[in-house]
Colleague: 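So that we are looking at the same thing, I have put the structure below in C-alpha cells.
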Amino acid sequence: MEKHVLALQLSQILGEEFNRDWIYEHIEIPKQEKMGDLAFPCFKLSPALRKPPQDLASELAPQLKHDLFENVQPVGGYINIFLNQQFITEHTLKQILTEQENYGKHTFGEGKTVVFDLSAPNIAKPFSMGHLRSTVIGNSLANLAANYGYETVKINYIGDYGTQFGKLLSAYKNWGDEEKIRANPLAELTKIYVKFHEEAKENTLLIDEGRHWFKKLEQQDEEALRLWRWFKEVSLEEFEKIYQLLGIEFDLTRGEAYYNDKMDATVELLKEHQLLEDSDGAKVVRLDEEGIPPCLIKKSDGTTIYATRDLTAAIDRFNSYSFDEALYVVGHEQSLHFAQIKHVLNKLGFNWAQNVKHISFGMMLQDGKKMSTRQGKTILLENVLKEAIQQASDSIEEKNPQLRNKETVARQVGVGAVIFHDLKQDRRNDVEFSIEDMLRFEGNTAPYLQYSYVRAQSILQKGGFKVDASNPFLSDEKAWSLIKQIRKFPEATAKAYKEYDPSQIAKYLLDLAKTFNQYYTHTKILQGEQQDAKLTLVYGFSLVLKQGLSLLGIEAPEEM
RNA sequence: GUCCCAGUAGCUCAGCUGGAUAGAGCAACAGCCUUCUAAGCUGUGGGUCGGGAGUUCGAAUCUCUCCUGGGACGCCA
C-alpha cells in the first residue's frame with residue numbers, strides 16, 4: 001500500500017522518464033528502524049537528471065505528501081520516510097480480523113494446476129534422510145502453491161522398478177530368510193542388498209545374475225513377480241508410518257512399474273520423430289545441439305531405463321492433469337537427467353515441456369560425502385523421528401510436567417524440529433547430517449516458533465480475547481515493529497512460491513517470532529491501558545505465525 | 001578432462017535483480033524469573049565476506065582468473 005503510494009507520487013513528480021514499476025522495484029526498507037520505515041535511494045536518478053543524489057533527495061523529500069507519510073527526510077542520497085503508524089496499524093489489524101486465515105493468500109494461480117513429484121522412496125530400502133528432504137520441501141511447496149491459488153496434485157512416485165530389484169531378487173535367492181524379513185522387512189532387505197554389493201566386488205557373476213532376475217521381472221516371471229509384490233507391500237506399510245508421523249498425504253501414490261506396459265508407446269513416438277539412434281547396441285536420443293550427453297532410452301539387452309519411464313510418466317501426467325506446471329522435487333545430482341528429459345520432451349514437440357521444472361536440492365552428507373545405501377551408510381529417518389519425539393518428551397517433563405496431551409505435543413515439537421531444520425536453509429545447499437543440530441530446540445528452530453505461538457495463545461486465553469473488528473488499536477514503538485513484521489507476510493508467501501523456496505517463509509517466521517518475543521518481554525499485555533488493543537495485536541501475530549507454520553507443514557500446539 | 005553447485009564470525013547459516021555501520025542462531029562470557037509459559041529476553045567479545053584483478057560514485061553481491069570442497073558426465077535411480 002504505502003510502497004505503491006510512494007512509487008506513484010515519485011513517478012508523478014519525476015515524469016515519464018521513471019515509471020512507477022521501476023521506482024517500486026527500487027524502494028527499500030532501511031536496515032535500521034531509526035532511519036525510517038521506507039527509503040528511496042536517489043543514486044539511480046543521478047545520471048539521468050545530472051544532479052548529485054544528495055541534492056535530489058533534498059529537493060524531492062518536501063514534495064512527498066500523503067496521509068500515510070508521517071515524516072519525510074532527506075539523508076545523504078536517500079529519502080527516508082516514516083509512516084503514519086496509527087493509520088497503518090488500524091488498517092492491518094482490521095484486515096487480519098476480516099480475512100482471518102485468508103490473510104497472506106494470493107489469487108495468481110487460480111484456475112491453474114501444478115503437479116508435484118515428491119518423496120519417491122525406493123521400496124525394499126529404508127526411508128533415508130535424503131528422501132526426507134524431497135518430502136518436506138515438496139510438501140511445503142505444494143502448500144505454498146495452494147496458498148497462491150493453484151490446484152495442486154501431489155504424486156509419490158515410488159521407486160519400485162529397475163535393475164536394482166533384479167539385484168535384490170538375486171540377493172534374496174542367495175541369502176534371503178523369509179522369517180527375518182517378515183519380522184523386520186526394510187532392515188533385512190537392506191542387509192541382503194548391501195551384502196549383494198559386497199559380494200559382487202569379488203564375484204562379478206552376481207551382477208549378471210541380478211540383470212537376469214530383472215529381465216525375468218520384465219518378462220512377468222511368476223516367482224520374480226510374487227517376491228517383488230511382497231517386497232513392495234511391506235515397504236509401503238513402513239513408509240506409511242513415516243508419512244503419518246510427518247503429517248503428509250499424497251493425492252496419488254504410484255510406482256514406476258505402472259508404466260511398464262506404456263513405455264513401448266513412448267519408444268514408438270521417439271521412432272516416429274526419428275530421434276532414436278543406435279549406440280553401442282543401446283538406443284539413445286542425441287542431444288548434441290543442446291550441448292549435453294545423449295539420453296539413454298533402451299539398454300543393449302533391450303530392457304528399459306529410468307529415462308524411458310520418466311518420459312512416459314511425464315506424458316501421462318500431462319494427459320491426466322493438463323498441468324500448468326510440473327515440479328520434480330529431486331536431488332540436484334539428477335540435474336542432468338531432468339535436463340535430458342525436458343529436452344527430449346521438447347524434441348517430441350510438447351510445448352508444455354517448458355513447464356516441467358526440476359526443483360533440485362542439496363544432498364545430505366555424512367563426513368562431507370554422499371550417503372549411500374549400497375555401502376550401508378544410510379541413517380534411518382524413522383529412528384531420527386523417534387529420537388526427536390523422545391527428546392521433546394523429555395523436555396516437556398522437565399519444563400511443563402502438568403501439560404495435557406503430552407504425547408501429541410511431543411510429536412508436534414519433535415517432528416516440527418526435524419522438518420524445520422530441513423526447510424530453514426536454502427534448499428540448494430548440501431547439508432551435513434547432524435543429529436545434534438536437528439534436535440536443537442532453542443534459537444532458530446521450530447520449537448522456538450511453536451513456543452512463541454503458545455505464549456500468544458496463553459495470553460489470549462487469559463485475557464478472554466474475542467475477535468471484534470471494532471476493537472481499538474494502538475501503536476507504540478515495540479508494537480509498531482511487530483505490525484511491520486506482520487505486514488510482510490503476504491509478500492513473503494508470494495516470494496517463497498515464486499522462487500520455490502520454503503526457507504523464505506522459515507526465515508520470515510523467525511524474524512516475526514523474534515519481534516513478538518521482544519514485544520512480549522517489554523510490554524505487559526494483561527496490565528495497564530489498552531488491553532483490548534494489545535490483545536488484538538497478539539491475535540494478529542498468532543494467526544500469521546500459525547498460517548506460516550502450516551505452510552511449512554508444521555503444527556502449532558496450543559500449549560507446550 | 002567437460003559441465004553444475006558452493007566457499008561470509010570458532011560452528012551452522014542469512015544477506016547475492018550492486019547502496020547507509022556485513023546480520024542471526026549455536027558455542028563463550030556477563031546479566032534478567034514475587035506479576036502474561038526463561039523452549040524466552042538483554043548485553044559483551046568475535047569478520048582481510050577463499051586469493052587476485054576488473055567494471056562502478058559505490059562490490060559480500062556483477063565480470064574474469066586462480067585455489068579449495070561437493071556433485072554429475074549411457075546401459076543404477
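To find a chain, count down the sequence lines: A is the first, B the second, and so on, and within it residues start at 1.
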Colleague: Give a yes/no verdict on a cation-pi contact between A:Lys3 and A:Tyr24, requiring under 6.0 Å between NZ or CZ and the six-membered ring centre and an angle within 45° of the axis.
Modeller: yes
Colleague: For B:G47, which nucleotide in any strand shown is its Watson-Crick or wobble partner with both distances under 3.5 Å?
Modeller: none
Colleague: On a whole-Å scale, what distance lies between the P atoms belonging to B:C5 and B:U44?
Modeller: 40 Å
Colleague: Hey, which sits more toward the 5' end of RNA chain B by its nearest nucleotide, A:Thr304 or A:Leu336?
Modeller: A:Leu336
Colleague: Can A:Tyr448 and A:Asn517 be counted as having a side-chain donor-acceptor contact under 3.5 angstrom?
Modeller: yes
Colleague: Tell me the partner of B:G1, counting only Watson-Crick (N1-N3 plus N6-O4 or O6-N4) or G-U wobble (N1-O2 and O6-N3) with both under 3.5 Å; none if nothing fits.
Modeller: B:C73
Colleague: Looking only at side chains, do A:Glu387 and A:Gln391 share a donor and an acceptor under 3.5 Å apart?
Modeller: yes
Colleague: Indicate, with a heavy-atom threshold strictly under 4.0 Å, whether A:Gly159 touches base, sugar-phosphate, or nothing.
Modeller: nothing
Colleague: Nearest to the side chain of A:Arg211 - B:G74, B:C76, B:A77?
Modeller: B:C76
Colleague: Listing request: all salt bridge (Lys or Arg N to Asp or Glu O under 4.0 Å) pairs with a residue in residues 492-521 of chain A, at least two apart in sequence or in separate chains.
Modeller: none
Colleague: With a cut-off of under 6.0 Å to the ring centre and 45° to the axis, is A:Arg317 in cation-pi contact with A:Tyr157?
Modeller: yes
Colleague: Using the C1' atom as the point on both nucleotides, what is the distance between B:C13 and B:U56, in whole Å?
Modeller: 30 Å
Colleague: Tell me which nucleotide among B:C13, B:G71, B:A20 gets nearest to the side chain of A:Gln425.
Modeller: B:C13
Colleague: Touch check for A:Ala39, heavy atoms < 4.0 angstrom, all strands: base, sugar-phosphate only, or nothing?
Modeller: base
Colleague: Measure the distance from CG on A:Asp437 to C1' on B:G25 and round it to the nearest whole Å.
Modeller: 10 Å
Colleague: Could you state the NZ-P distance from A:Lys507 to B:C13, rounded to the nearest angstrom?
Modeller: 12 Å
Colleague: Under 4.0 Å between any heavy atoms, over every strand shown, what does A:Asp160 touch: base, sugar-phosphate, or nothing? Just pick one.
Modeller: nothing
Colleague: Reckon A:Pro293 touches a base, only the sugar-phosphate, or nothing at all at heavy-atom distances under 4.0 Å?
Modeller: sugar-phosphate
Colleague: Identify whether the distance between the nearest side-chain nitrogen and carboxylate oxygen of A:Lys299 and A:Asp301 falls below 4.0 Å.
Modeller: no
Colleague: Start with the C-alpha distance between A:Arg254 and A:Ile158, add both sets of side-chain angles, then the distance that settles side-chain contact (heavy atoms from CB on, under 4.5 Å), and finish with yes or no.
Modeller: CA-CA 6 Å; A:Arg254 179 175 277 175; A:Ile158 304 287; over 6 Å; no
Colleague: Start at the 5' end of RNA chain B and walk down; is the nucleotide closest to A:Glu25 or to A:Asp301 reached first?
Modeller: A:Glu25
Colleague: Which one is paired to B:C26, where only Watson-Crick or G-U wobble pairs with both distances under 3.5 angstrom count?
Modeller: B:G10
Colleague: Determine if the base of B:C33 is syn or anti; take syn to mean the glycosidic torsion is within 90° of 0.
Modeller: syn
Colleague: Sugar-phosphate means primed atoms, P, OP1 and OP2; the rest is base. With that split, encode nucleotides 55-61 of chain B 5' to 3' as B, S or - using protein heavy atoms under 4.0 Å.
Modeller: -------
Colleague: Find the distance A:Leu510:CG to B:C26:P and express it as a whole number of Å.
Modeller: 11 Å
Colleague: Taking the six-membered ring for Trp, is the centroid-to-centroid distance between A:Phe541 and A:Tyr519 below 6.0 Å?
Modeller: no
Colleague: Just the rounded figure in Å: distance from P of B:C76 to CD1 of A:Ile305.
Modeller: 6 Å
Colleague: Please report, rounded to the nearest Å, how far the C1' atom of B:G71 is from the CD atom of A:Glu432.
Modeller: 15 Å
Colleague: Check whether more than 12 heavy atoms from other residues, nucleotides or ligands sit under 6.0 Å from atom CD of A:Glu277, and answer yes or no.
Modeller: yes
Colleague: Which listed nucleotide (B:G71, B:A77, B:C75) is nearest to the side chain of A:Glu256?
Modeller: B:A77
Colleague: Within a radius of less than 6.0 Å around CD of A:Glu407, do more than 12 heavy atoms belonging to other residues, nucleotides or ligands occur?
Modeller: no
Colleague: So, A:Lys484 and A:Asp37, do they make that salt bridge, N to O below 4.0 Å?
Modeller: yes
Colleague: What interatomic distance, in whole Å, is found between C1' of B:A59 and the corresponding atom of B:A20?
Modeller: 15 Å
Colleague: Between B:C11 and B:A28, how far apart are the P atoms? Round to whole Å, please.
Modeller: 16 Å
Colleague: Less than 3.5 Å between a donor and an acceptor, one on the side chain of A:Ser335 and one on the base of B:C4, is that the case here?
Modeller: no
Colleague: In plain terms, say whether A:Glu290 and A:Lys347 are close enough for a salt bridge, that is, a side-chain N and a carboxylate O under 4.0 Å apart.
Modeller: yes
Colleague: Just call it for A:Lys34: base, sugar-phosphate, or nothing, with non-hydrogen atoms closer than 4.0 Å on any strand.
Modeller: base
Colleague: Just to be sure I understand the rule, does A:Asp426 reach a base, reach only the sugar-phosphate, or reach nothing, if contact means heavy atoms closer than 4.0 Å?
Modeller: sugar-phosphate
Colleague: Just call it for A:Asp310: base, sugar-phosphate, or nothing, with non-hydrogen atoms closer than 4.0 Å on any strand.
Modeller: nothing
Colleague: Could you tell me how far B:A30 sits from B:G45 if I compare only their P atoms? Round to whole Å.
Modeller: 15 Å
Colleague: Among B:G74, B:U21, B:G71, which nucleotide sits nearest the side chain of A:Met363?
Modeller: B:G71
Colleague: With P as the reference atom in both, quote the distance from B:C62 to B:U17 in angstrom, rounded to an integer.
Modeller: 7 Å
Colleague: Distance between the C1' atoms of B:A53 and B:C41, in whole angstroms?
Modeller: 47 Å
Colleague: Can you tell me the base-pairing partner of B:U37? Count Watson-Crick or G-U wobble geometry only, both distances below 3.5 Å, and say none if there is no partner.
Modeller: none
Colleague: Taking NE2 from A:His26 and C1' from B:G18, how many angstroms apart are they, rounded to a whole number?
Modeller: 10 Å
Colleague: Considering every strand shown, what is the Watson-Crick or G-U wobble mate of B:U61 when both distances are under 3.5 Å?
Modeller: none
Colleague: Taking the ring of A:Tyr161 and the ring of A:Phe214, is the distance between their centroids below 6.0 Å?
Modeller: yes
Colleague: Send over the distance from A:Phe338 CZ to B:A72 P, rounded to a whole Å.
Modeller: 15 Å
Colleague: What one-letter contact string describes nucleotides 31-41 of chain B from 5' to 3', where B marks a base within less than 4.0 Å of any protein heavy atom, S marks contact via sugar-phosphate atoms alone, and - marks no contact?
Modeller: ----BBBSBSS
Colleague: Could you check which of B:U21, B:C13, B:A77 has an atom nearest any side-chain atom of A:Asn429?
Modeller: B:C13
Colleague: Say you pick atom C1' in B:C36 and the same atom in B:A24; how far apart are they, in whole Å?
Modeller: 27 Å
Colleague: NA contact type, A:Ser279, heavy-atom cut-off 4.0 Å: base, sugar-phosphate, or nothing?
Modeller: base
Colleague: Would you mind reading off the distance between A:Lys125 atom NZ and B:C76 atom C1', rounded to a whole angstrom?
Modeller: 8 Å
